[in-house]
Novice: 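Structure in structure tokens, see below.
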Amino acid sequence: MALVDHMKKTLGQLKPSDILAFNHDISQIPGIIKLTLGEPDFNTPDHVKLAAIGAIQQNDSHYTASAGLPGLRQAASDFLANKYGTRYDPSTQLQMTAGVTEGVFATLTAMLNPGDSVIIPTPIFPLYIPITMLNGGEPVFINTAEDGFILTPEKLAAAIDAHADTVKAIILNFPTNPTGVTYSRSDLEKIADVVRGKDIFVISDEIYSELTYHGTHVSMGEILPEQTIVLNGVSKSHAMTGWRIGLIAGPADIVGEIGKVHQFMITSATTNAQVAAEEAFKNGQNDTEPMRQAYIERRDYLVPVLQKLGFQVANPDGAFYVFAKLPTQFGTSSWDFARALAHEAHVAVIPGATFGPGGEGYVRISYAASLADIKEAAARITKFVAAHPA
């Protein structure tokens with residue numbers, strides 16, 4: 001019983017994902033259009049699927065090295081160098097993981113001791129918060145809603161000063177889930193100037209890097225390589241969410257320690273999925289382009305409709321989300337709005353409150369759905385708003 005009580009103390013503060021739970025609940029509504037999950041509606045490219053099929057047919061079904069297939073690590077290293085100008089030794093500075101989720105868990109588990117704190121700018125994908133807590137860490141939130149959803153160097157410096165004895169890491173996610181806002185080179189350089197030389201890691205989740213709409217994604221791994229752990233993968237770039245292949249890249253000594261945790265967690269990622277990811281990185285460096293153009297078209301349709309209805313929208317510069325502030329007549333409860341929209345209009349979106357401080361009063365709308373579904377959803381939202389006048 002003592003062990004059970006201990007588990008309750010550790011896990012009692014946590015609850016299952018609000019996003020997944022809400023998505024499951026509203027899925028029971030007949031005819032609902034779900035603009036909820038970050039799930040590309042594209043298929044994995046054929047050449048990538050064929051690589052996995054070939055691996056299966058060749059009985060390539062055994063454990064790989066824990067860090068991943070050497071060919072995959074080389075392909076990932078080349079991809080990151082070609083795309084973002086970062087240089088990682090594939091034998092010592094790259095670790096393949098079962099998606100970025102496992103990468104986040106392994107990284108924070110390796111870094112944190114009980115009582116350490118992690119600075120998390122919000123609104124942000126909530127995954128980082130429970131993983132910090134499960135490792136005995138304390139999330140320190142910085143609300144970016146009044147700063148264009150960008151972490152400012154002034155607020156970062158103040159948070160570091162306030163937690164000088166405990167802060168171990170800062171988490172960045174860009175292009176950002178849920179806002180679609182991304183960081184410019186200037187933004188990242190200012191953050192680097194605050195952190196450089198301090199015993200603080202930057203954990204930079206860049207899984208949406210290939211879905212940057214204007215210009216080229218700038219990686220924090222280029223700006224501050226000696227203190228940055230980059231997380232990336234093929235889930236969003238190649239529509240491979242279910243294949244579960246991510247990567248960790250950073251200084252060799254740090255990646256080596258994270259690799260120990262990874263090894264104890266899963267031994268190695270699925271072999272045929274690794275073969276598929278190698279093909280994606282090696283021969284699919286432009287596979288994302290048609291997807292990106294489709295997302296831009298969907299964004300450009302959806303955002304003006306929402307603005308006309310009274311939503312305030314941070315125009316997305318990447319990813320595939322709109323983070324929309326509710327029209328005044330709906331108040332500030334994002335949960336009330338999302339439930340009413342689902343049940344009355346049969347359109348599902350995610351309440352902004354689930355993304356941390358600064359998210360209440362907003363909803364996240366995923367446009368990783370067909371343009372036809374988005375147009376129908378927009379028509380339903382228009383009728384819903386008209387039925388609830390200011």
Side-chain angles (χ1 to χ4, degrees), residues 13-29 32-39 120-130 139 141-151 173 175-181 298-299 302-316 319-369 373-374 377-390:
Q13 303 175 65
L14 307 180
K15 59 181 180 178
S17 166
D18 283 339
I19 296 173
L20 295 180
F22 183 70
N23 182 70
H24 176 268
D25 290 345
I26 54 83
S27 294
Q28 316 308 313
I29 299 173
I32 194 160
I33 296 176
K34 296 197 297 182
L35 305 180
T36 48
L37 299 185
E39 180 76 59
I120 304 176
T122 59
I124 200 168
F125 188 58
L127 174 80
Y128 316 106
I129 300 167
F141 300 119
I142 299 179
N143 184 344
T144 66
E146 300 302 320
D147 302 302
F149 300 109
I150 292 290
L151 176 62
N173 162 236
T176 302
N177 178 3
T179 67
V181 171
R298 297 170 189 179
R299 178 202 64 177
L302 182 59
V303 168
V305 171
L306 294 172
Q307 290 174 330
K308 186 176 180 180
L309 295 174
F311 292 87
Q312 295 179 37
V313 178
N315 198 41
F320 37 61
Y321 306 108
V322 169
F323 204 56
K325 190 173 185 179
L326 301 179
T328 55
Q329 68 263 37
F330 292 103
T332 59
S333 175
S334 56
W335 278 102
D336 287 350
F337 178 88
R339 290 190 183 104
L341 185 68
H343 288 282
E344 296 179 31
H346 293 184
V347 176
V349 299
I350 297 296
T354 196
F355 299 100
E360 185 58 290
Y362 290 79
V363 290
R364 188 193 76 176
I365 305 173
S366 171
Y367 50 91
D373 277 352
I374 290 169
R380 294 183 188 183
I381 294 171
T382 298
K383 292 180 181 178
F384 176 79
V385 172
H388 298 78

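Sequential numbering from 1 along the given sequence is applied to the chain's residues.
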Novice: Quick one: CD on Glu146 to OG1 on Thr144, what's the gap to the nearest 0.5 Å?
Specialist: 9.5 Å

Novice: Check whether Arg298 reaches the backbone of Ile374 with its side chain - one donor and one acceptor, N or O, closer than 3.5 Å.
Specialist: no

Novice: Which value, rounded to the nearest 0.5 Å, describes the distance between Thr36 atom OG1 and Arg364 atom CZ?
Specialist: 7.5 Å

Novice: Calculate, to the nearest 0.5 Å, the distance between atoms CD1 and CG belonging to Ile381 and Leu309 respectively.
Specialist: 7.5 Å

Novice: Could you pull out every donor-acceptor pair under 3.5 Å between side chains of residues 348-362 and any protein atom, sequence neighbours left out?
Specialist:
| unit_1 | atom_1 | unit_2 | atom_2 | d |
| --- | --- | --- | --- | --- |
| Thr354 | OG1 | Asp18 | OD2 | 3.2 |
| Glu360 | OE1 | Ser334 | N | 2.8 |
| Glu360 | OE1 | Ser334 | OG | 2.7 |

Novice: I'd like to know if the side chain of Thr176 and the backbone of Val181 have a donor-acceptor N/O pair within less than 3.5 Å.
Specialist: yes

Novice: Show the numbers, then the answer: is there a side chain to side chain contact (heavy atoms under 4.5 Å, CB included) between Ile124 and Asn177?
Specialist: CA-CA 6 Å; Ile124 200 168; Asn177 178 3; over 6 Å; no

Novice: Got Leu20 and Asn23 here, is their nearest side-chain heavy-atom distance under 4.5 Å?
Specialist: no

Novice: Decide yes or no for Phe22 and Arg339: does some side-chain heavy atom of the first lie under 4.5 Å from some side-chain heavy atom of the second?
Specialist: yes

Novice: Do the ring planes of Phe330 and Phe384 sit parallel (below 30°), tilted (30 to 60°) or perpendicular (above 60°)?
Specialist: parallel

Novice: Using a 3.5 Å distance criterion without hydrogens, assess whether the side chain of Ser17 forms a donor-acceptor pair with backbone atoms of Ile19.
Specialist: yes

Novice: Can you name the closest pair of heavy atoms from Ala345 and Arg380 and give their distance?
Specialist: O-CD, 3.1 Å

Novice: Can you tell me how the ring of Phe125 sits relative to the ring of Tyr128, calling it parallel under 30°, perpendicular over 60° and tilted otherwise?
Specialist: perpendicular

Novice: Report the distance from atom CZ of Phe323 to atom CD of Gln312, rounding to the nearest 0.5 Å.
Specialist: 12.5 Å

Novice: Counting only N and O atoms by type, is there a donor-acceptor contact under 3.5 Å from the side chain of Gln329 to the main-chain atoms of His388?
Specialist: yes

Novice: Are Tyr321 and Pro175 packed together at the side-chain level, in the sense that at least one heavy-atom pair is separated by less than 4.5 angstrom?
Specialist: no

Novice: Less than 4.5 Å apart, any side-chain heavy atom of Lys383 and any of Val385?
Specialist: no

Novice: Verify side chain to side chain contact (heavy atoms under 4.5 Å, CB included) between Phe311 and Val305, making sure each step is shown before the conclusion.
Specialist: CA-CA 9 Å; Phe311 292 87; Val305 171; over 6 Å; no

Novice: CG/Leu151 to CD1/Ile142 distance, rounded to the nearest 0.5 angstrom?
Specialist: 5.0 Å

Novice: Indicate the atoms forming the closest heavy-atom contact of Ala342 with Ile29, along with that distance.
Specialist: O-CD1, 3.7 Å

Novice: Quick check: closest heavy atoms across Ala145 and Phe149, and the distance to 0.1 Å?
Specialist: CA-CE2, 3.6 Å

Novice: Report the residues that fulfil side-chain contact (heavy atoms from CB on, under 4.5 Å) with Ala377, sequence neighbours left out, ordered by chain and then residue number.
Specialist: Ile33, Leu35, Val347

Novice: Any donor-acceptor pair under 3.5 Å linking the side chain of Ser366 with the backbone of Ala368?
Specialist: yes

Novice: Distance check, rounded to the nearest 0.5 Å: Thr179 atom OG1 versus Asn173 atom CG?
Specialist: 8.0 Å

Novice: Report yes if the side chains of Leu326 and Val363 come closer than 4.5 Å at any heavy-atom pair, otherwise no.
Specialist: yes

Novice: Side chains of Phe337 and Thr332, heavy atoms from C-beta outward: is any pair under 4.5 Å?
Specialist: no

